[in-house]
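Have a look at the structure below, then the notes.
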Protein chains: 2
Amino acid sequence: MEITLAALHGRWTTLVVRELLRGDLSYSELRAVLPALSDKVLSDRLAQLAEAGVVERDRRPGWPPRVRYALTPSGHRLGPVLQALWDWGAEASGRDSGAESGHETNPVH
Amino acid sequence: MEITLAALHGRWTTLVVRELLRGDLSYSELRAVLPALSDKVLSDRLAQLAEAGVVERDRRPGWPPRVRYALTPSGHRLGPVLQALWDWGAEASGRDSGAESGHETNPVH
DNA sequence: CTGTATCCTGAACGATACTG
DNA sequence: CAGTATCGTTCAGGATACAG
């Protein structure tokens, strides 16, 4: 449990993972999708996630440099975890936000 | 999702919740079970969790003062969330820690 | 394009002492 | 028993400049 929290540690980590759950992204795509993150923080998070075995860097040769970030299998297994986090938050913050019929509401895709 | 992370924010918050999932506890019982937390931090976490609607304080009159901390219904719903965190961490940190037959391993009780 | 280096600020933590 | 007050430390986060 502390392992998971360590892997997800940091204010923006879950958002990075959530974006990557939707598909691979390059560094600049990530930056465009998450404008709130400074270069340093984004870099830090990616390094941390790579260290935790959640994301993988694909550095493709040539010029200009292109790098794609993708979730590892372990990273994909975080999907249900984030879903659990989302579900609790949705339920806890009032049950009137419209359109839910019980328990779907797909936030991840 | 960010709501949940805000509610669980802090290094020790999940451990406090986990103890309370097992049943109500008094302040000193919590302190005894979580010796790593200073009074200040424990106090901070309980206030934060109360603010988030996760725990409830039962202040019982008389002397000496007795207070029981209990999870709200919302707090009990965090059980599956913590379970998801635990499961991922267990899976991610190597599959050789003995005795698991697939997907049980009950850490919470 | 994809990052790293540096510096600064604010928040969380931790220990100790003290109050109702 | 059940906390709050205060203070010092540590660490993540944010901005900017620079490098491969």
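A, B, ... follow the sequence lines: proteins, then strands. Residue 1 opens every chain.
Among the atoms of the strands shown, only primed sugar atoms or phosphate atoms (P, OP1, OP2) are found under 4.0 Å from some heavy atom of B:R66.
Considering only residues two or more places apart in sequence or on other chains, B:R66 meets the side-chain contact (heavy atoms from CB on, under 4.5 Å) condition with none of them. For A:S74, the side-chain contact (heavy atoms from CB on, under 4.5 Å) test picks out A:T72, A:R77, B:W88, B:A92, with sequence neighbours left out. Applying the side chain to side chain donor-acceptor pair (under 3.5 Å) criterion to A:S38, with sequence neighbours excluded, gives no partner residue.
For the helix from C:dC1-D:dG20 to C:dG20-D:dC1, the angle separating the two terminal helix axes comes to 50°, with each axis derived from five pairs and the value rounded to 10°.
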Hey, can you pull the donor-acceptor pairs under 3.5 Å for the side chains in residues 8-16 of chain A, sequence neighbours left out?
residue, atom, partner, partner atom, Å
A:T13, OG1, A:H9, O, 2.7
A:T13, OG1, A:G10, O, 3.3

Using distance only, find each side-chain donor-acceptor pair of residues 49-65 of chain A under 3.5 Å and give its atom names and separation, not counting sequence neighbours.
none

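Counting all heavy atoms, side chain and backbone alike, A:G89 lies closest to B:T4 at N-OG1, 3.0 Å. Closest heavy-atom contact between A:Y69 and A:L20: O-CD2, 3.5 Å.
Atom CD of A:E19 and atom CG of A:L34 lie 5.0 Å apart (nearest 0.5 Å). Atom CG of B:L85 and atom CD of A:E2 lie 10.5 Å apart (nearest 0.5 Å).
Annotation: proximity of residues 34-47 of chain B to DNA chain D (heavy atom, distance under 4.0 Å) is found for B:D39, B:K40, B:S43, numbered in ascending order. Taken residue by residue, residues 48-57 of chain A places heavy atoms nearer than 4.0 Å to DNA chain C at A:R57. Near-neighbour residues of DNA chain C inside residues 5-15 of chain B, defined by a heavy atom below 4.0 Å, number-ordered: B:H9, B:G10, B:R11, B:W12.
Sequence neighbours left out, the pairs with a member in residues 29-45 of chain B that pass salt bridge (Lys or Arg N to Asp or Glu O under 4.0 Å) are B:E29-B:R68, B:R31-B:D39, B:K40-B:D44.
Distance OH (A:Y27) to P (D:dG20): 16 Å, rounded to an integer number of Å.
Read 5' to 3', the first and last nucleotides of DNA chain C with an atom closer than 4.0 Å to a heavy atom of chain A are C:dC1 to C:dT6.
In this structure, A:L46 and A:L30 have side chains that are in contact, with non-hydrogen atoms separated by less than 4.5 Å.
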